[in-house]
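Chain letters run A, B, ... following the sequence lines, proteins first, then strands; residues in each count from 1.
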Amino acid sequence: MRTSTEALVKALLRNPLSIKSRSQAQQLHAQVLKFQASSLCNLSLLLSIYSHINLLHDSLRLFNTIHFPPALAWKSVIRCYTSHGLPHQSLGSFIGMLASGLYPDHNVFPSVLKSCALLMDLNLGESLHGYIIRVGLDFDLYTGNALMNMYSKLRFLEESGRQRLGAGEVFDEMTERTRSVRTVSVLVGNEGRKVSDMEAFNYDVSCRSREFEAQVLEIDYKPRNQYRELEACNLGQQIKDISHSKSEDSVRKIFEMMPEKDLVSWNTIIAGNARNGLYEETLRMIREMGGANLKPDSFTLSSVLPLIAENVDISRGKEIHGCSIRQGLDADIYVASSLIDMYAKCTRVADSCRVFTLLTERDGISWNSIIAGCVQNGLFDEGLRFFRQMLMAKIKPKSYSFSSIMPACAHLTTLHLGKQLHGYITRNGFDENIFIASSLVDMYAKCGNIRTAKQIFDRMRLRDMVSWTAMIMGCALHGQAPDAIELFEQMETEGIKPNHVAFMAVLTACSHGGLVDEAWKYFNSMTRDFGIAPGVEHYAAVSDLLGRAGRLEEAYDFICGMHIGPTGSIWATLLSACRVHKNIDMAEKVANRILEVDPNNTGAYILLANIYSAARRWKEAAKWRASMRRIGIRKTPACSWIEVKNKVYAFMAGDESHPCYEKIREAMEVLVELMEKEGYVPDTSEVHHDVEEEQKKYLVCSHSERLAIVFGIINTPAGMTIRVTKNLRVCTDCHTATKFISKIVGREIVVRDNSRFHHFKNGTCSCGDYW
DNA sequence: ATAGGGTTAG
């Protein structure tokens, strides 16, 4: 009896792979002790079993009982530290092993090299490479693979100053993994209110009509993935250039000198090339791999797909998808999540969903891929729906989940949702994560809470360009141009180079603040000092500013001098400036330009008709309205919405079918009377001329934002700020009217329109004359 | 003993 059990124990010890769970390992451990078989050799074998199933604490406990650990014991602990993301401890043990006089052999270097990669320490990696050559292990298959992996992960450190940021990212990642969950009772920006748990996260999308959802997306916003396509085109040349640089050399050299190569070697070099953006080279290697009689597996495919996504190359992506189907890997959890991401980055969300549906097993990453995919393409409600489904599937949201979903709250301006998520983020200690913090800054700014946005930004330990840009854009959105400029300068002093988005942010700030000289300064410096060619958006910001400042001729010449063909929408901003400054001659000139490049530009027709009406040139106005009808273009209906008690209420202009319409109308009548006493005169100049005067007044009073504001006054406690969002620009009359309303009801009113926030308080507006 | 997927600003 006893001998047979002993034999079994021995057999198990010799076959560590057969043990898969902690209890099995502990049973074996107990039996070893029971039979007093705890020889040095057996204990080391046990240790290697513990480390194999990644039990760090058990491994260490056992390790500490051994007085003179043999090499196997050391190597097990080193391996375990590395796979727990503890490179310092791993390398410390490696040094301990050498110090105790043991000789390193072929199966310790893979873990040690991986630790170098985790530490982002290229110097150490190179020293180790030298050491490996001296002990004659540089032709070992596993060591060679690990060397290639280390170099491909650290090569970029040579090339630029990205080292600091990279180290920061690694640090974030590490702290996140090792940090225990902590509870924080005071919630930043949550006004001390206790936030319900994520389990209670319940977002009611049904209270909004389909029409409203369509409207929300019309707010001046281009889904992020549409930029990716543009950027990928512009980056094409650079990518080719990099692939001829020396960065691939050492990895390639190791690969070519390896006497024996396996699938892992191929996958490692392919993944390495992919990580370093060597597009053509990576694709070439996959073909070459086929020549060596190796078929791409899930590792190969899942490391190539992100590169294809980055290049927005849908045809290559489909090829790979086809390949994964042929290999039976299209439902592999790794391949599928990169497929979802690839399709989303190519703006093919429907295909992403199809891949997602086929998945039988879903982890946090596959959920996040589909959530991020929706959000990046502007499908915010779908993103939120998937997020809730993920919670219901009992998948705990991680840092990635929050940074993916937060933009949805930001763009929908649903502050209650964002706050709820923020509460969860704080309680789980995620708020140090740079992605999350930046998305929170953006969310609070977009939801009108610029103070909280600043608080969070100020508390960030590490800031990258995205964080700065989010904050600068936030200031721009709130008309705080001087703050935005100060931040931009500060960013440069901290050695962070602005990109075209950062310039966009600072130019927007200048434009909203009417700072013409500053705008010129930044516009010129962008190309001169940073080599960034201005895009349409930059031109638009400057010409918009010139137009608003009344420098119409200057703006006209500026647009004519653009190095890329001006779009209809750029001309349209100038046209609206012509309206504000009542310059009909220029308006006609500009209108002709618009119709040349974009004959179906809705905005131009409407603006022109309005300009003629305002000048009482009814005939021309009617002519333009008629041609609008003839072509069949219709004005985008204005729509405003307000959040009251965690519910969103939407209003269309003059929508009498709204359930609250009567109450609003009654309140409005009282209000208008008070306003007129204070000196309010409705500006009806842009309303159709054949409408009665009384009717005109009624029309301007039924503008969507006014309905929403009055609804807010009726339905929220006195003293509370009223926050309204509108899909289009606030019109002149509403701007004036809201000033009066804020004074009469003694409340702060914040209106967000398609480009900015207007803070109305006590009869004034934060944006003054520039809006 | 080695290799792989998802995140923030426009």
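- Side chain of A/Thr469, nearest nucleotide from B/dT8, B/dG5, B/dA9: B/dA9.
- The NZ atom of A/Lys295 sits 10.0 Å away from the CE atom of A/Met289 when rounded to the nearest 0.5 Å.
- Heavy atoms of A/Lys75 sit nowhere under 4.0 angstrom from any nucleic acid atom.
- Applying the 4.0 Å criterion to OP1 and OP2 of B/dA9, one finds that A/Lys222 has every side-chain N and O outside that range.
- Contact check, A/Arg224 against B/dT8: a side-chain N or O comes under 4.0 Å of OP1 or OP2.
- The A/Asn145 side chain lies nearest to B/dT2 when the options are B/dA9, B/dT2, B/dA1.
- Nucleotide B/dT7 holds its P atom 15 Å from the CZ atom of A/Phe387, rounded to whole Å.
- More than 12 heavy-atom neighbours from other residues, nucleotides or ligands sit within 6.0 angstrom of CD on A/Gln389.
- At the heavy-atom level, A/Ser337 lies under 4.0 Å from base atoms of the strands shown.
- A donor N or O paired with an acceptor N or O is not found under 3.5 Å between the base of B/dG4 and the side-chain atoms of A/Asp297.
- If you check every strand for non-hydrogen atoms under 4.0 Å, A/Ala146 touches nothing.
- At the phosphate of B/dT8, neither OP1 nor OP2 sits under 4.0 Å from any side-chain N or O atom of A/Lys446.
- The interatomic distance linking A/Trp468 (CH2) with B/dA9 (C1') rounds to 14 Å, in whole Å.
- Between A/Gln226 and B/dG10 there is no side-chain N or O to OP1 or OP2 distance below 4.0 Å.
- At a cut-off of 3.5 angstrom, the base of B/dT8 holds no donor-acceptor pair with the side chain of A/Ser403.
- Of the residues near DNA chain B, A/Asn267 and A/Arg228, the one whose nearest nucleotide (by heavy atom distance) lies more toward the 5' end is A/Asn267.
- No option in A/Lys318, A/Arg354, A/His321 other than A/His321 meets the side-chain hydrogen bond (donor to acceptor under 3.5 Å, both in side chains) test with A/Tyr343.
- Regarding contacts with the backbone of B/dT2, every side-chain N or O of A/Lys261 stays at 4.0 angstrom or more from both OP1 and OP2.
- Using a 5.5 Å limit on the distance between ring centres and a 30° limit on the angle between planes, the aromatic ring of A/Phe435 does not count as stacked on the six-membered base ring of B/dT8.
- Distance from the side chain of A/Asp332 is smallest for B/dG4 among the nucleotides B/dG10, B/dG4, B/dT2.
- Side-chain N/O atoms of A/Asn499 and base N/O atoms of B/dA9 include a donor-acceptor pair closer than 3.5 Å.
- In this structure, A/Leu141 atom CG and B/dA3 atom C1' are separated by 11 Å, rounded to whole Å.
- With centroids closer than 5.5 Å and planes inclined by less than 30 degrees as the test, A/Phe299 and the base of B/dG4 pass as a stacked pair.
- Ring geometry, A/Phe299 versus A/Tyr334: the interplanar angle falls under 30°, so the pair is classed parallel (tilted spans 30 to 60°).
- If you take CH2 of A/Trp74 and P of B/dA1, they are 17 Å apart, rounded to a whole angstrom.
- Here the nucleotide nearest the side chain of A/Lys345, chosen from B/dT7, B/dG5, B/dG10, is B/dT7.
- Scanning for side-chain contact (heavy atoms from CB on, under 4.5 Å) contacts around A/Phe523 gives A/Leu507, A/Trp520, A/Met526, A/Pro534, A/His538, A/Tyr539, A/Val542, A/Phe558, with sequence neighbours left out.
- For B/dG10, the base is stacked against the aromatic ring of A/Tyr227, per a cut-off of 5.5 Å between centres and 30° between planes.
- On a pure distance criterion of 3.5 Å, a polar donor-acceptor pair joins the side chain of A/Ser298 and the base of B/dG4.
- Put simply, the side chain of A/Gln376 and the base of B/dG6 share no donor and acceptor less than 3.5 Å apart.
- Phosphate contact (OP1/OP2 of B/dT2, side-chain N/O of A/Asn149, threshold under 4.0 Å): absent.
- When heavy atoms are screened at a 4.0 angstrom cut-off, A/His538 is found touching no nucleic acid atom at all.
- Ring orientation note: the planes of A/Phe380 and A/His411 are close to parallel, at an angle under 30° on the 30°/60° scale.
- Within 4.0 Å (heavy atoms only), A/Ile333 reaches at least one base atom of the nucleic acid.
- Atom CD1 of A/Ile371 sits about 8.5 Å away from atom CZ of A/Phe386, to the nearest 0.5 Å.
- For B/dT8, the base has a donor-acceptor partner in the side chain of A/Ser438 [N/O atoms by modelled type, under 3.5 angstrom].
- What separates CZ of A/Phe255 from C1' of B/dT2 is a distance of 14 Å, to the nearest Å.
- Put simply, CE on A/Met342 is 14 Å from C1' on B/dG6, counting in whole angstrom units.
- For B/dA1, one of the phosphate oxygens OP1 or OP2 lies less than 4.0 angstrom from a side-chain nitrogen or oxygen of A/His52.
- When rounded to the nearest whole Å, the span between CZ of A/Arg275 and C1' of B/dA3 equals 9 Å.
- B/dG6 atom P lies 11 Å from atom CG of A/Leu307, rounded to whole Å.
- With B/dG4, B/dG10, B/dA9 as the candidates, the nucleotide lying closest to the side chain of A/Glu231 is B/dG10.
- With distances taken from any side-chain atom of A/Met465 to the nucleotides B/dA1, B/dA9, B/dT8, the minimum falls on B/dA9.
- Just one residue in the list A/Asn273, A/Thr282, A/Asn267 forms a side chain to side chain contact (heavy atoms under 4.5 Å, CB included) with A/Val304, and that residue is A/Thr282.
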